[in-house]
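Below, read A as the first sequence line, B as the second, and so on, with proteins coming before strands; counting in each chain starts at 1.
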There are 2 protein chains.
Amino acid sequence: MSVLTGGKLKLIQAALRLINQSRSLTSLGLRELAREAGLNPNTFYRHFKNLDEFGLQVLGYIAEDMKSGVRELRQMAESSEQASHDTVTFVYHYFLANPAATTVAVRELHGPSPLLRRALESQLDASAREMAEDIIERQLVSAVPQETIHEISRMTIRYILFRAMDYIEKPAQREAIQQETERFINRQFRGAMLDHLSQTDVENLAQKYA
Amino acid sequence: MSVLTGGKLKLIQAALRLINQSRSLTSLGLRELAREAGLNPNTFYRHFKNLDEFGLQVLGYIAEDMKSGVRELRQMAESSEQASHDTVTFVYHYFLANPAATTVAVRELHGPSPLLRRALESQLDASAREMAEDIIERQLVSAVPQETIHEISRMTIRYILFRAMDYIEKPAQREAIQQETERFINRQFRGAMLDHLSQTDVENLAQKYA
DNA sequence: CAACGGAGTAGACAGTTGTATACTTTGGTT
DNA sequence: AACCAAAGTATACAACTGTCTACTCCGTTG
């Protein structure tokens, strides 16, 4: 990505500011943007062809920022449960520190613009792939096939994003949301370990260890 | 809910039609609505005080429709896996048959209007509660505490809604999405049966039955 | 039959939007 | 110092928006 000149950056940051005040990226107007950025409306055209292109660039800006955050996530962890706890803690803190970016992602993932949707989807899948490869590499849940780890990673990423809005908006529930998310992940992996058993097998098992 | 007179119904249906063509409820304009409904813009004011109230009424209309659909869901099922399969099949078919309602729900659940968000949340929680009580009543997964069943139900409802958009839009992936959702549910419940075990216990178990 | 109120219409208002054209300012290169 | 492209500005336009007031129509009730 090229260096952002003053006006371009100002416009993108104005968008993030407006989105934070409960707006959606696709609903932002060109003049509104320029007003918030303290620029002349037509300056917009110097940097972007239209609002669609603008949306994509905002997404790119966010993605780059998020990438650099996720890099720090490659820490050591003794066990898979430890890893899930650390990862969940980190990710939610990242969301909390970047509410606007998070809001954009959640809103536009199912928003009206197919263009932005596709872009976001592929970014989420990339994150999920990274997460899965990390889990596989560190052999955190060796009892589960790799394809299943990928699937659970995809589900988890989406679930966390889903909960991120509540996490940001409801401070009193943050701890509860985090613990709930950890249970979600652990149950998925534990359940996956039993994928090859029949239902009656699992029931017997549950009774035996009750 | 009172009987809908001609114009009111026309406006609500116009909204659903517009939303189906990739729009969001909160972004609809009063004149746009009236145009689509074939009415004079001012007729809107005969039925609604403003656009916020309109949104709420659309939500109510959808909720009522959805309720009557979910009622049919109370069928017999031999096992929990059977039940999850039946439920998932039914719910996705319902979404497919009501794409506009589904789109509204997904978009506004994280949309810019706090009012609509709260309303939708409580509707989803009501559905989750119903699902959980059904599972408990029919003793489908007796090895899991009731509170956990409620938690998993809430997660499942949200997850399904999350996937509903893809289900609607990508016919080729429908079977895959449905199977993936079933795996999601079964893993949650199976994993929850092992909630009280330590991680090493689970690992030993997995090795023993590998 | 008359009166009434709900439903729908007509026209007008100020304000906003995206866009086009034409202009000025700025910073860097030769 | 001269030049040039990039960045930013000014003005104007048609189209659209939400809302107001004033009107007509029509079925119900008295």
From [atom1] of [X] over to [atom2] of [N], roughly how many Å is that when rounded to an integer?
X	N	atom1	atom2	value
A/Leu33	C/dT17	CG	C1'	13 Å
A/Leu11	D/dT9	CG	P	10 Å
A/Phe48	D/dA6	CZ	P	16 Å
A/Lys8	D/dG8	NZ	P	11 Å

Pairing residues for B/Arg174 by the salt bridge (charged side-chain N to carboxylate O under 4.0 Å, His left out) criterion, not counting sequence neighbours
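Testing B/Arg174 for salt bridge (charged side-chain N to carboxylate O under 4.0 Å, His left out), a comparison that skips the adjacent residues, returns none.
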Who are the salt bridge (charged side-chain N to carboxylate O under 4.0 Å, His left out) partners of B/Glu180, not counting sequence neighbours?
B/Arg163
What residues, two or more places apart in sequence or in another chain, satisfy side chain to side chain donor-acceptor pair (under 3.5 Å) together with B/Thr89?
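Once residues adjacent in sequence are excluded, the partners of B/Thr89 under the side chain to side chain donor-acceptor pair (under 3.5 Å) criterion are B/Gln178.
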Scoring nucleotides 17-26 of chain D by protein non-hydrogen atoms under 4.0 Å (B base, S sugar-phosphate only, - none) yields BBBB-B----
Who pairs with B/Tyr92 by ring-ring contact (aromatic ring centres under 6.0 Å, His included), at least two apart in sequence or on another chain?
B/Tyr167
Does B/His47 put a side-chain nitrogen or oxygen below 4.0 Å from OP1 or OP2 of C/dG8?
yes
Qualifying salt bridge (charged side-chain N to carboxylate O under 4.0 Å, His left out) pairs, either residue in residues 183-195 of chain B, two or more places apart:
A/Glu151-B/Arg183, A/Glu151-B/Arg187, A/Arg187-B/Asp195, A/Asp195-B/Arg187, B/Glu81-B/Arg190
Of A/Ile19, A/Ile168, A/Leu96, the residue whose pairing with A/Thr102 passes side-chain contact (heavy atoms from CB on, under 4.5 Å)
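When side-chain contact (heavy atoms from CB on, under 4.5 Å) is applied between A/Thr102 and each of A/Ile19, A/Ile168, A/Leu96, only A/Ile168 qualifies.
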